[in-house]
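Just so you know, ligand 1 is whichever comes first in the structure, and atom 1 is the first atom listed for that ligand. All heavy atoms count here, side chains included; hydrogens, waters and symmetry mates do not.
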Amino acid sequence: MIPASFDYVAPTTVADALAALAEHGDDAKVLAGGQSLLPILRMRLNTPSVVVDLGRIAELAGITEEGDTIVIGAMTPYAAVLASEVVSTHAGLLSKAVATVADPQIRHRGTVGGALVHADPAGDVGAPVLALGAELVIAGAGGTTRTVAADDFFEDLFTTAVGDGELLTQIRIPKHTGWGSHYEKFVRVSHQWSIVAVAAAVRVDGGSIAEARVGLTNMGSTPLRAKAVEAALVGRAPTDQAVREAVAGVAEGTNPPSDLNGAADYRKHLATVLTRRAVLAAAGG
Ligand SMILES: Cc1cc2nc3c(=O)[nH]c(=O)nc-3n(C[C@H](O)[C@H](O)[C@H](O)COP(=O)(O)OP(=O)(O)OC[C@H]3O[C@@H](n4cnc5c(N)ncnc54)[C@H](O)[C@@H]3O)c2cc1C
């Protein structure tokens with residue numbers, strides 16, 4: 001289908017993009033890589049009168065280091081994250097999750113920021129960003145900025161802390177240097193969205209798990225962090241039996257969807273199996 005007609009603006013600074021959003025209010029829609037937005041426009045599920053393209057704003061793209069933090073611009077495409085040695089060395093969990101997103105074409109156009117703001121519960125970037133304790137920087141009218149913890153960023157299905165007239169500008173990830181990590185994604189066919197996936201990062205010290213982070217994809221209306229499992233893993237040897245016991249309750253309190261790919265109970269079973277696999281792989285076991 002062909003989208004309804006709209007005006008198109010392509011600012012070159014964040015300030016100009018915010019001004020365009022302020023000027024047009026609800027009638028404006030932000031365009032990043034377009035991999036989710038363009039299908040929505042083509043199906044006329046959204047009919048903005050103005051599209052504000054962030055693609056020419058150089059300050060929004062790129063990966064830098066600030067001490068113990070990796071700073072990823074919201075407009076950085078997945079492909080750049082995959083190619084980044086900084087990310088693979090200090091936040092390997094994100095590289096591994098991004099490697100499972102769709103296909104190379106989509107990974108070249110789609111952006112990390114676009115995926116996070118779109119907030120599809122089956123999207124693969126939310127769980128690792130949550131598990132790694134990232135912070136999200138949001139810019140608003142008048143040049144204000146605020147920083148939101150990933151724990152508070154995802155509010156509901158397709159809903160985040162980014163409000164009308166605001167832009168996500170940065171994803172700030174604390175370095176997890178020396179941690180093992182794994183993203184275990186369950187799909188029936190390649191390039192499919194996650195039926196369920198688990199993001200795990202662990203730090204093993206002296207033969208036992210010293211710290212653990214676990215994020216769940218598609219186990220509710222938002223990505224989830226399995227904090228009880230993280231706590232239960234600490235102090236255990238990364239053996240099959242010990243990890244099996246620690247992750248047994250991972251699906252408690254989750255509310256996964258039931259659809260053609262699987263019933264909610266099946267997804268809960270999957271989450272338990274995938275968490276064990278992800279933690280063991282992350283620990284090198
Ligand atoms: C065939 C197909 C298969 C896919 N498979 C997967 C998959 O397996 N796993 C997966 O995780 N994803 C998958 N995706 C989705 C893909 O990852 C999208 O690129 C991503 O969800 C959106 O990123 P984008 O940069 O294209 O954003 P866009 O589509 O441009 O924007 C998405 C939404 O975010 C808003 N937005 C974007 N950037 C900002 C910003 N900086 N500030 C404020 N608002 C913003 C837009 O207004 C829009 O509402 C798939 C997509 C397709 C088409």
Pick whichever of Leu116, Asp124, Val112 has a heavy atom sitting closest to atom 11 (O) of ligand 1.
-> Asp124
Should Gly34 be counted as touching ligand 1, given the test is an N or O pair under 3.5 Å?
-> yes
Any idea which atoms of ligand 1 are less than 4.0 Å away from a heavy-atom of Leu54?
-> 40 (C), 41 (N)
For Leu167, the ligand 1 atoms with a heavy-atom partner under 4.0 Å come out as 42 (N), 43 (C)
How many angstroms lie between CG in Asp68 and CD1 in Ile173, if you round to the nearest 0.5 Å?
-> 13.5 Å
What distance separates Asp27 CG from Ser49 OG, expressed to the nearest 0.5 Å?
-> 3.5 Å
Please determine if Val117 has a nitrogen or oxygen closer than 3.5 Å to a nitrogen or oxygen of ligand 1.
-> no
Who's closest to atom 20 (C) of ligand 1 heavy-atom-wise, of Ala197, Gly110, Ser36?
-> Ser36
Is Ala102 in polar range of ligand 1, meaning some N or O pair under 3.5 Å apart?
-> yes
Calculate, to the nearest 0.5 Å, the distance between atoms CZ and CD belonging to Arg107 and Gln35 respectively.
-> 12.0 Å
Derivation of the side chain to side chain contact (heavy atoms under 4.5 Å, CB included) call for Val14 and Ile57 = CA-CA 7 Å; Val14 169; Ile57 306 180; 4.0 Å; yes
For Glu166 and ligand 1, does the shortest N/O to N/O distance drop below 3.5 Å?
-> no
Nearest protein heavy atom with distance in Å, relative to atom 39 (C) of ligand 1 = Val30 CG1, 3.8 Å
Closest to atom 17 (O) of ligand 1 among protein heavy atoms sits Tyr78 OH, 2.5 Å
Hey, is Gln192 one of the residues with a heavy atom under 4.0 angstrom from ligand 1?
-> yes
Ligand 1 versus Lys185: contacting region, heavy-atom distance under 4.0 Å | side chain
With hydrophobic residues grouped by side-chain heavy-atom distances under 4.5 Å, do Ile63 and Leu82 end up in a single group?
-> yes
Going only through I, L, V, M, F, W and Y residues with side-chain contacts under 4.5 Å, is there a path from Val196 to Val243?
-> yes
Using a 4.0 Å heavy-atom cut-off, say whether Lys29 meets ligand 1 through its side chain, its backbone, both or neither.
-> side chain
Heavy-atom check, side chain of Arg188 versus side chain of Asn261, under 4.5 Å | yes
Between Ala32 and ligand 1, does any nitrogen or oxygen pair lie at a separation below 3.5 Å?
-> yes
Go through the side-chain N and O atoms of Ser194 and Asp124 and say whether any donor and acceptor fall under 3.5 Å apart.
-> yes
Among all residues two or more places apart in sequence or in another chain, which pass the side-chain hydrogen bond (donor to acceptor under 3.5 Å, both in side chains) test with Asp120?
-> none
Side chain, backbone, both or neither: the part of Ile106 lying under 4.0 Å from ligand 1 by heavy atom = side chain
Tell me, which protein residue and heavy-atom name are nearest atom 41 (N) of ligand 1, and how many Å apart are they?
-> Leu168 O, 3.0 Å
What is the nearest protein non-hydrogen atom to atom 29 (O) of ligand 1, stated with its residue, atom name and distance?
-> Leu37 N, 2.7 Å
How far does CZ of Phe6 sit from NE2 of His24, to the nearest 0.5 angstrom?
-> 13.0 Å
Does any donor atom in the side chain of Tyr183 or Thr217 lie under 3.5 Å from an acceptor atom in the other side chain?
-> yes
So which bit of Thr169 gets within less than 4.0 Å of ligand 1, heavy atoms only: side chain, backbone, both or neither?
-> neither
Got the closest protein heavy atom to atom 25 (O) of ligand 1, with its distance?
-> Thr111 OG1, 2.6 Å
N or O pair under 3.5 Å between Gln35 and ligand 1 | yes
How close does the nearest protein non-hydrogen atom get to atom 27 (O) of ligand 1, and which residue and atom is it?
-> Gly114 CA, 3.6 Å
For the atom pair OG (Ser221) and CZ (Phe154), what is the distance rounded to the nearest 0.5 Å?
-> 11.5 Å
Verify the distance criterion only: is there a donor paired with an acceptor across the side chains of Lys175 and Thr69 at less than 3.5 Å?
-> no
Working for salt bridge (charged side-chain N to carboxylate O under 4.0 Å, His left out), residues Asp240 and Arg277 | CA-CA 9 Å; Asp240 185 85; Arg277 287 186 193 162; over 6 Å; no
Starting from atom 24 (P) of ligand 1, find the nearest protein heavy-atom neighbour and note its residue, name and distance.
-> Gly33 N, 3.5 Å
In the protein, which heavy atom is nearest to atom 50 (C) of ligand 1, and how far is it?
-> Trp193 CZ2, 3.3 Å
